[in-house]
**Q** 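Take this structure, written in structure tokens, and hold onto it; I'll ask about it next.
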Amino acid sequence: MKLQENADLTSYNTLRVPARAAKLVRLRSEKKLKELIKSGFFESDTLPLGDGSNLLFVKKNIGSAIKNEILGSEIVKETKETVLIKVSSGQNWHELVLFATKNNWSGLENMAYIPGTVGGAAVGNIAAYGQNQEDVFESLTAIDLKTGKLEKFLKSDCRFSYRESIFKRELKDKYFVTTVTYLLSKTPQYDVSYHSRYESLADELAKVATPPYSIHDIARAVTALRQYKLPDWNTVGTAGSFFKNPLVGKRQLKKLLNAIPELQYYPAEKLSYLPPDEMGNDSFQLKVPAGRLLEELGWKDKKIGNVGTFERHALVIINYGGTGREIYEFSEMMREDVKKNFGIDLEYEVRII
Ligand SMILES: Cc1cc2nc3c(=O)[nH]c(=O)nc-3n(C[C@H](O)[C@H](O)[C@H](O)COP(=O)(O)OP(=O)(O)OC[C@H]3O[C@@H](n4cnc5c(N)ncnc54)[C@H](O)[C@@H]3O)c2cc1C
């Protein structure tokens, strides 16, 4: 464990926002965390910190933060069909995906090349190309930051929903997730049906590999698509998609289609965009791409002062050396524009601190 006081957090968040933590603990073991809690080390609210790829620090100073550096993984159970793998929460998510796909275990391949830790992935219930973290999630362990007690949470306890879990809501900053257990399949099965107007996973797969495809080929195809459509968070200040894709009713969708005839939409639970005759009844809720709404209003490749949006994606904010406050004000301008023009309240996907 390493402790720093008045620590600079610029390199601990992918937006590269300057903020400071009164105390920053770089944590390498579960045991150490229990000891620190029991000794009363954390006086104020404590922020569990993964790779900071889903955060915006608006405050210049926060209390304590625990940077997760707990590493390791173990196979808990293996059968002919499945592998149950328990992973320490500080492990890099993409490395876990590569480990699984190289072993031909399926369940994570469409979520390749998402930044962040395994703990952050569970807390944010990440998803991509039609695959969701919660689909392979079995359980997690987390330490109560008040008592130091280790507890197990089953899937139903975590209350996963679209980019949400109980640890982002009711239990925010109350528990530190230490391990996550996933159930992966050893029978190669994959789904590359995801497509949008702009990209097709099946087409990309055909470009990067030849049949019969392996699980690892899927991860390679996803990585290639993502490397093209998203900025490199190692060199550019970004937190990926800033807002969630909004859900709208059919009536509202019709209004949106008047403004943007080619706007795509899909049922909340489904992977791909649907043709109009498969949209279901009037009460049906449909998801529309927030990025396309923003693009229509001129927010793609836009720059104001030190903040802008990515040249290929209006939902992705880029920090050109601004403060957290500047980024927040920029994002609020985007939100207000969407509200004024389309009557939709965009919800933040990124956590604002
Ligand atoms: C370029 C780019 C592309 C992205 N693409 C996607 C995508 O396709 N799909 C997607 O779903 N997300 C995407 N994201 C968002 C982000 O990568 C994920 O949300 C990621 O899982 C966050 O992990 P992290 O370790 O960085 O978490 P952090 O940003 O450090 O933390 C996020 C939240 O989780 C909490 N947290 C983190 N670790 C713990 C822990 N151990 N215990 C308790 N709470 C914890 C934090 O307190 C915070 O509330 C993208 C981000 C970027 C920059």
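All figures in this text were calculated on a predicted structure; none of them were measured in a lab. Counting convention: from 1, in listed order, for ligands and their atoms alike.
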**Q** Closest by any non-hydrogen atom to atom 1 (C) of ligand 1: pick that one out of Phe167, Trp233, Phe310.
**A**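 Of the listed residues, Trp233 has the closest heavy atom.
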**Q** Measuring centre to centre across the rings, with the benzene-like ring taken for any Trp, is Tyr113 within less than 6.0 Å of Trp233?
**A**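 Ring centroids of Tyr113 and Trp233 are less than 6.0 Å from each other.
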**Q** Looking just at side-chain N and O atoms, do Tyr348 and Ser331 make a donor-acceptor pair shorter than 3.5 Å?
**A**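 Result is yes, a qualifying pair exists.
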**Q** State plainly whether one hydrophobic cluster holds both Tyr194 and Ile215, where clusters connect Ile, Leu, Val, Met, Phe, Trp and Tyr through side-chain heavy atoms under 4.5 angstrom apart.
**A**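 Same cluster: Tyr194 reaches Ile215 through Ile, Leu, Val, Met, Phe, Trp or Tyr contacts under 4.5 Å.
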**Q** Quick test of your reading of the structure: of Val222, Leu55, Leu140, whose heavy atom lies closest to atom 31 (O) of ligand 1?
**A**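 Of the listed residues, Leu55 has the closest heavy atom.
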**Q** Without hydrogens or angle criteria, can the side chains of His195 and Ser200 be said to hold a donor-acceptor pair below 3.5 Å?
**A**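 There is no such pair between these side chains.
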**Q** Just which atoms of ligand 1 are under 4.0 Å from any heavy atom in Ala121?
**A**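 By the 4.0 Å cutoff, the relevant atoms are 21 (O).
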**Q** Below 4.0 Å, non-hydrogen atoms only: which portion of Ser53 touches ligand 1? Side chain, backbone, both or neither.
**A**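 Contact part for Ser53 vs ligand 1: both backbone and side chain.
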**Q** May I ask you to check if Lys287 and Tyr265 form a cation-pi contact, with NZ or CZ under 6.0 angstrom from the six-membered ring centre and within 45° of the axis?
**A**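 No, a cation-pi geometry is absent between Lys287 and Tyr265.
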**Q** Pull out every atom of ligand 1 sitting under 4.0 Å from any heavy atom of Arg226, numbered as shown with elements.
**A**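 Those atoms are 3 (C), 4 (C), 5 (N), 6 (C), 7 (C), 8 (O).
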**Q** Of the non-hydrogen atoms in Pro231 and Ile318, which two are nearest, and what is the gap between them?
**A**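 Looking at all heavy atoms of both residues, the closest pair is CG-CD1, 3.8 Å.
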**Q** For atom 38 (N) of ligand 1, which candidate among Pro115, Gly120, Ala112 holds the nearest heavy atom?
**A**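 Nearest option to atom 38 (N) of ligand 1, by heavy atoms: Gly120.
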**Q** Using the ring of Tyr175 (Phe, Tyr or Trp, six-membered ring only), decide whether Lys146 places NZ or CZ under 6.0 Å from its centre and within 45 degrees of its axis.
**A**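 Output no; distance or angle outside limits.
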**Q** Do Phe57 and Leu24 share a hydrophobic cluster, counting only Ile, Leu, Val, Met, Phe, Trp and Tyr and linking them when any side-chain heavy atoms are less than 4.5 Å apart?
**A**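 Same cluster.
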**Q** Are Arg351 and ligand 1 in contact, using a heavy-atom cut-off of under 4.0 Å?
**A**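 Arg351: in contact with ligand 1 (<4.0 Å).
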**Q** At under 4.0 Å between heavy atoms, which part of Ala142 makes contact with ligand 1: side chain, backbone, both or neither?
**A**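 No part of Ala142 comes within reach of ligand 1.
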**Q** So which protein heavy atom does atom 14 (N) of ligand 1 come closest to, and at what separation?
**A**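 Here the nearest protein heavy atom works out to Ile114 CG2, 4.1 Å.
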**Q** Identify the closest protein heavy atom to atom 40 (C) of ligand 1: which residue and atom is it, and at what distance?
**A**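 Closest protein heavy atom to atom 40 (C) of ligand 1: Val177 N, 3.7 Å.
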**Q** Could Arg335 and Glu347 be called an ion pair, given the rule that one side-chain N must be under 4.0 Å from one carboxylate O?
**A**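 Looking at Arg335 and Glu347, the cut-off is not met.
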**Q** Looking only at the side chains, is there a donor atom on one of Asn125 and Ser165 sitting less than 3.5 Å from an acceptor on the other?
**A**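 Asn125 vs Ser165: no donor-acceptor pair found between side chains.
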**Q** Heavy atoms only: which of Gly52, Gly240, Ala65 is nearest to atom 28 (P) of ligand 1?
**A**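 The residue whose heavy atom sits nearest atom 28 (P) of ligand 1 is Gly52.
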**Q** Which bit of Arg163 gets closer than 4.0 Å to ligand 1, counting heavy atoms only: side chain, backbone, both or neither?
**A**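 It is the side chain that gets close, since no backbone atom is under 4.0 Å.
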**Q** Is it the case that ligand 1 has an N or O less than 3.5 angstrom from some N or O of Gly50?
**A**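 In this structure, Gly50 places an N or O atom under 3.5 Å from an N or O of ligand 1.
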**Q** Which atoms of ligand 1 have any heavy atom of Gly116 under 4.0 Å away?
**A**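 Counting atoms of ligand 1 from 1, those under 4.0 Å from Gly116 are 23 (O), 24 (P), 25 (O), 26 (O).
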**Q** Starting from atom 24 (P) of ligand 1, what is the nearest protein heavy atom, named by residue and atom, and what distance separates them?
**A**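 For atom 24 (P) of ligand 1, the nearest protein heavy atom comes out as Asp51 N, 3.5 Å.
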**Q** Could an N or O of ligand 1 be found under 3.5 Å from any N or O of Ala127, whether backbone or side chain?
**A**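 It does: an N or O of Ala127 is found under 3.5 Å from an N or O of ligand 1.
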**Q** Distance under 4.0 Å to a non-hydrogen atom of Thr238: what atoms of ligand 1 satisfy this?
**A**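 Those of ligand 1 that fall under 4.0 Å from Thr238 are 53 (C).
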**Q** Can you sort out which atoms of ligand 1 are near Leu47, meaning under 4.0 Å from one of its heavy atoms?
**A**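 Those of ligand 1 that fall under 4.0 Å from Leu47 are 47 (O).
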**Q** Relative to ligand 1, is Ile126 under 4.0 angstrom through side chain, backbone, both or neither, heavy atoms considered?
**A**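 The answer is both.
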**Q** Within the structure, does Asn54 bring an N/O atom to less than 3.5 angstrom of an N/O atom in ligand 1?
**A**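 In this structure, Asn54 places an N or O atom under 3.5 Å from an N or O of ligand 1.
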**Q** Do Ile344 and Gln252 have side chains that get closer than 4.5 Å, going by heavy atoms?
**A**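 Touching, per the 4.5 Å side-chain cut-off.
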**Q** Side chain to side chain contact (heavy atoms under 4.5 Å, CB included) with Phe176: which of Leu150, Asp144, Ile70?
**A**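 It is Ile70; the other options fail the test.
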**Q** Would you say the ring centers of Trp299 and Phe242 fall short of 6.0 Å from each other?
**A**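 Judged by ring-centre distance (under 6.0 Å), Trp299 and Phe242 do not meet the cut-off.
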**Q** In terms of atom number and element, which parts of ligand 1 are under 4.0 angstrom from non-hydrogen atoms of Ala239?
**A**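 Those of ligand 1 that fall under 4.0 Å from Ala239 are 51 (C), 52 (C), 53 (C).
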**Q** Using heavy atoms and a threshold below 4.0 Å, how should the contact between Tyr175 and ligand 1 be classified: side chain, backbone, both, or neither?
**A**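 The answer is the backbone.
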**Q** If you measure every N or O of Pro48 against every N or O of ligand 1, does any of those distances drop under 3.5 Å?
**A**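 Looking only at distances, the answer is yes, because the N/O contact criterion of under 3.5 Å is met.
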**Q** Just which atoms of ligand 1 are under 4.0 Å from any heavy atom in Val123?
**A**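 The list of qualifying atoms is 34 (O), 35 (C), 43 (C), 44 (N), 45 (C).
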**Q** Between the side chains of Ser193 and Asp191, is a donor N or O closer than 3.5 angstrom to an acceptor N or O?
**A**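 On atom types as modelled, these side chains qualify, holding a pair under 3.5 Å.
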**Q** Could you list which atoms of ligand 1 come closer than 4.0 Å to a heavy atom of Asn68?
**A**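 Every atom of ligand 1 under 4.0 Å from some heavy atom of Asn68: 41 (N).
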**Q** Is it true that the NZ or CZ of Lys303 lies under 6.0 Å from the centre of Tyr320's six-membered ring and within 45 degrees of the ring axis?
**A**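 Yes.
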